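Here the structure is laid out as structure tokens; the discussion comes afterwards.
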Amino acid sequence: MDLRIDMPLVLLLLLPLFLYFGWTYFHERQRLKRSHIVVLTIRIVAAGCLVFALAGPYLLLPIKEEQIVYLVDRSASMNGTEDEMVQFIQESLQSKKEPQLAGIYSFSSTLQTEAILSKTLKEVPKLTEIKATDQTNIEQSLQLASGIIDPKKATRLVLLTDGNETKGDALEFATKLKGSNISVDIKPFSQPVVNDVSLKSFVSPQVAYVGEQQQLVTDIHATSAGQGELLLYENDELIHREAVELTEGTNVFTYKHAATAEELVKYEAVVQVGQDAIFENNKLTSVTMVQSEPHLLIVNGYETASPIGAALGSQSIAYDVIAPKSLPNELSSYLQYNAIIFDNVPGHLVGEAKMSVIEQAVKNFGVGFTMVGGENSFGLGGYFKTPIETLLPVEMEIKGKEQLPSLGLVIVLDRSGSMQGSKLELAKEAAARSVEMLRDEDTLGFIAFDDRPWEIIETGPLNSKEEAVDTILSVTPGGGTEIYSSLAKAYENLADLKLQRKHIILLTDGQSQAGNYEDLIGEGKEEGITLSTVAIGQDADANLLEALSDMGSGRFYDVIDEQTIPSILSRETAMISRTYIEDNPFYPAIYNAAGWNSLFANGVPQMNAYIGTTAKQGATVVAESEKEDPVLAQWQYGLGKTFAFTSDSTGKWTGDWARWQNWGAFWQTLISQMLPSYNDVAYDVRLEADGSFMITDPTNEAAFLDIVAVNEAGEELETQLETISASQVRAVVQAEPGLIFFRIADEKQAIYQAGLSVPYSAEYELLPVNNQLIEELTQRTGGTVLKEPQDVFRDFTTKGADRQNIVTWLLLASILLFFIDITIRRFGWNFLTNAKKKEPLVEEKTIPEDTNVAQLLKGMKKRS
């Protein structure tokens, strides 16, 4: 037991206290009786207790229990060492003493539990799978471990690691452990020496021109001499393959290439060898801005040649034509183009993941976008509440401009176990989106089935959209798959309803038992019920579902990409709930819009049809129908300019426009207005050694730049900007290894694009044990570098202790002594010393002796 004081300087107050009582004693000692000395002593002790309490005293009571926590590094740099580390822990546990607790935790980028702290740990359990191994965060593992243990007990954190941290700062955290009961021991481990070939760097020019010879330089490091193969790609297309001889150490190879792609071009280098320890370090990417003339991407939804391409002619802007299914997934593929046109493209052939990437290309990189009408476009294409609708100047919904037919819709959704996960979630989201497209007076039913039908929403008037959406989204997966009874239930619910349109949408990913579908659907057709089917995944009975849709006069969708499910249901709901196509010939009204008036100087051709939409607030309507629906509308979305042309490109809907002499000029004008405004300032963007990006502005206006970072999947990344000087800004981006794209815009919204490669993590480099960090970390925390397993449970130099505060007891003692003092002064010392004596019934009164009074009494006696 040990006595400690928090504020010892407070004890200096005892000096004036003792001086006062000492002066009092020496000056009054002649008149002081024993009772006075006792009272004075009580006062001194009470005051002393009070001062001592103010100093914050406490007792340290020893704690016998001790804690040992193993922290096992299981990051990628420790591959091949797991068995060795487990063996070390197992051998060390044989030396564990009875009052000692032990626990095992593993870490890479975060900490996870293998065995909780306990006295009973004797064996090492099988280590659980750890997913993210691309980082080593020793600091976080120490921090989390220090939160798990009891800080009152003596604790030893035992790190099993190579000391090569890639995230955090363990030494900085070690300073916080100073003065605590926690020490850190380290047992170094490292990967076994193996053959490994890695790409240390891959460099392409930041800026180049079409046809210019570029130097692509690769730096390959090999642990031993051997043969390999170097492959170079341009926008995922192989441009060079070469067998290379590798010597031990650094190998540099240079390849000259004339750029054929344009705008932001992705180059990739890959090295392959027969035996390789780490595959993750064999690939690097680089990005070059290849300056050229504007380039257009036309996504053609027709099976024939592109009508827009034919209208533009061969002397126009350079363009590529692709089918909807060929749309790429990566942002870099879209940044090759200055503008994109969707010509009668159905949304379910695109999918929302690609739509999101396109939205980022428009919003943050200024890529222009136009949607052209047709039977598979706008609302009929399933774009309701999609990223494409977000960027367009029009909404897919038609708002109160016509008398719409009465509608009954029943959605039959497979909720079997095979639908669990993203398939079911996307299907529920799609069903909810369909509900939002309905009117309050429409009829809705929702049946979810597994081995039997579950009527989640009874078929009836749609009273509350919000309630219906919440109900649909609450559906959980179930058991098997039985389609027929559920479909029969949907037909039964719709059969007797007096509605103009009755439709069923069936979604499933599985097989079902046979049923009399032909009679069921035939009877339903007599009641005016139509059926569309959606086969989700390769396990679905596509042949059956396609046959059902044919019999039900509906449409069949074979879904491979689950992201397309919402667009399919939106399209189906739109086709049955609205009359989107306006097919009465008319002359569009042209409004005073910059760049367009000269085309119509000699009049406006007649148009046959268009798809009904609603212009968004803030959009500019260039051409409008007689019903005041937009035919051509435009607006600014982020840094991109987007257009909606609600008629088609073939001439079937556009009528005389397609035979108009300015038909080609119309498309040229639309494309020229879509093109972004690029910045001529050559900003320099470089990756720093600490992983941040330094952006240099030669115009010294770095503080006014708008900077956004986006990855290949089109996801905007969290970015922290720090202005270093008038010409430099530091950007700290939370990015995974791979390509990252910067959009830099000035106050005039002129755009500069740059692409950089975030290299693979240092985890995938063959590095020796970081002895410097290991030595310093153990020294700062009072630990040691372990050599033998039994050293883990050696005696602790610092023992644990429980702090027992005694301030309250001192205060109570001081108060009690003061009460005793007051009692003695009030009732006298005899009150305490004679408390047990019996007191007389009549109190004797004594008359003080006075000389004159005594003489008077004597005289009175003589007279008598």
Side-chain angles (χ1 to χ4, degrees), residues 301-303 323-326 344-351 374-376 380-382 408-416 418-419 422-424 426-428 430-431 434 445-451 453 480-492 494 501-577:
Y302 298 102
E303 295 182 0
K325 290 184 177 180
S326 301
N344 194 36
V345 176
H348 70 274
L349 295 183
V350 181
E375 294 176 350
N376 295 315
L380 292 179
L409 173 65
V410 176
I411 300 173
V412 183
L413 174 64
D414 186 348
R415 59 168 289 232
S416 62
S418 59
M419 284 285 289
S422 61
K423 284 192 288 189
L424 182 59
L426 284 167
K428 291 192 297 183
S434 294
F446 184 76
I447 297 172
F449 69 91
D450 41 28
D451 53 2
T481 305
E482 205 291 298
I483 298 174
Y484 180 81
S485 59
S486 305
L487 195 59
K489 181 65 176 175
Y491 272 101
E492 177 187 341
L494 284 174
R501 294 181 182 178
K502 293 183 275 189
H503 190 63
I504 298 172
I505 304 175
L506 168 66
L507 300 92
T508 180
D509 72 338
Q511 311 280 331
S512 177
Q513 297 178 354
N516 191 0
Y517 290 104
E518 190 171 349
D519 289 348
L520 174 66
I521 296 173
E523 293 174 3
K525 287 181 72 174
E526 294 178 2
E527 300 293 338
I529 303 173
T530 55
L531 170 67
S532 290
T533 59
V534 183
I536 306 173
Q538 297 179 349
D539 294 333
D541 192 343
N543 293 330
L544 170 64
L545 295 174
E546 187 172 11
L548 295 181
S549 64
D550 287 341
M551 288 188 286
S553 300
R555 287 153 296 280
F556 167 70
Y557 301 91
D558 192 1
V559 173
I560 303 300
D561 181 3
E562 299 161 7
Q563 295 286 337
T564 64
I565 297 174
S567 292
I568 290 173
L569 262 69
S570 292
R571 182 171 190 258
E572 279 296 301
T573 308
M575 295 183 76
I576 63 166
S577 64

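The model shown is predicted, which means the values in this text are computed figures rather than measured ones.
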Gap separating the CD atom of Glu572 from the CG atom of Leu380, nearest 0.5 angstrom: 11.0 Å
Over all atoms of both residues, closest heavy-atom pair of Ser434 and Thr573: OG-OG1, 2.9 Å
Which atom of His348 lies closest to which atom of Ser567, heavy atoms considered: N-CB, 3.7 Å
Close side-chain approach of His503 to Ser532, heavy-atom, < 4.5 Å: yes
Considering all heavy atoms, the nearest Ala535-Ala542 contact: CB-CA, 4.4 Å
Within-4.5 Å side-chain heavy-atom neighbours: Tyr517 and Leu544: yes
CE-CG distance between Met419 and Leu507, expressed to the nearest 0.5 angstrom: 7.0 Å
Verdict with supporting geometry, Thr530 and Arg501, side chain to side chain contact (heavy atoms under 4.5 Å, CB included): CA-CA 8 Å; Thr530 55; Arg501 294 181 182 178; over 6 Å; no
OG1-CG distance between Thr481 and Asp509, expressed to the nearest 0.5 angstrom: 6.5 Å
Val412 vs Thr508 side-chain heavy atoms within contact, under 4.5 Å: no
Heavy-atom check, side chain of Met551 versus side chain of Leu548, under 4.5 Å: yes
Residue pair Tyr557 / Thr533, side-chain heavy-atom distance below 4.5 Å: no
Shortest non-hydrogen contact between Ala490 and Val410, atoms and distance: CB-CG1, 3.7 Å
Between CD1 on residue Ile504 and CD1 on residue Ile411, distance to nearest 0.5 Å: 11.5 Å
Nearest-0.5 Å distance, OG of residue Ser416 to CD of residue Glu482: 11.5 Å
Approximate separation, where rounding is to 0.5 Å, of Leu413 CG and Ile447 CD1: 11.0 Å
Residue pair Phe556 / Asp550, side-chain heavy-atom distance below 4.5 Å: no
Nearest heavy atoms of Val350 and Thr564, plus distance in Å: C-CG2, 4.5 Å
Tyr491 side chain near Ile521 side chain, heavy-atom distance below 4.5 Å: yes
Heavy atoms of other groups near Glu527 CD, more than 12 under 6.0 Å: yes
Arg415 side chain to Phe449 backbone, donor-acceptor under 3.5 Å: no
Backbone of Gly524 reached by a side-chain donor or acceptor of Lys502 within 3.5 Å: no
Shortest non-hydrogen separation from Ile576 to Leu409 and the atoms involved: CD1-CD1, 3.8 Å
Student check: side-chain heavy atoms of Leu426 and Ile536 closer than 4.5 Å: no
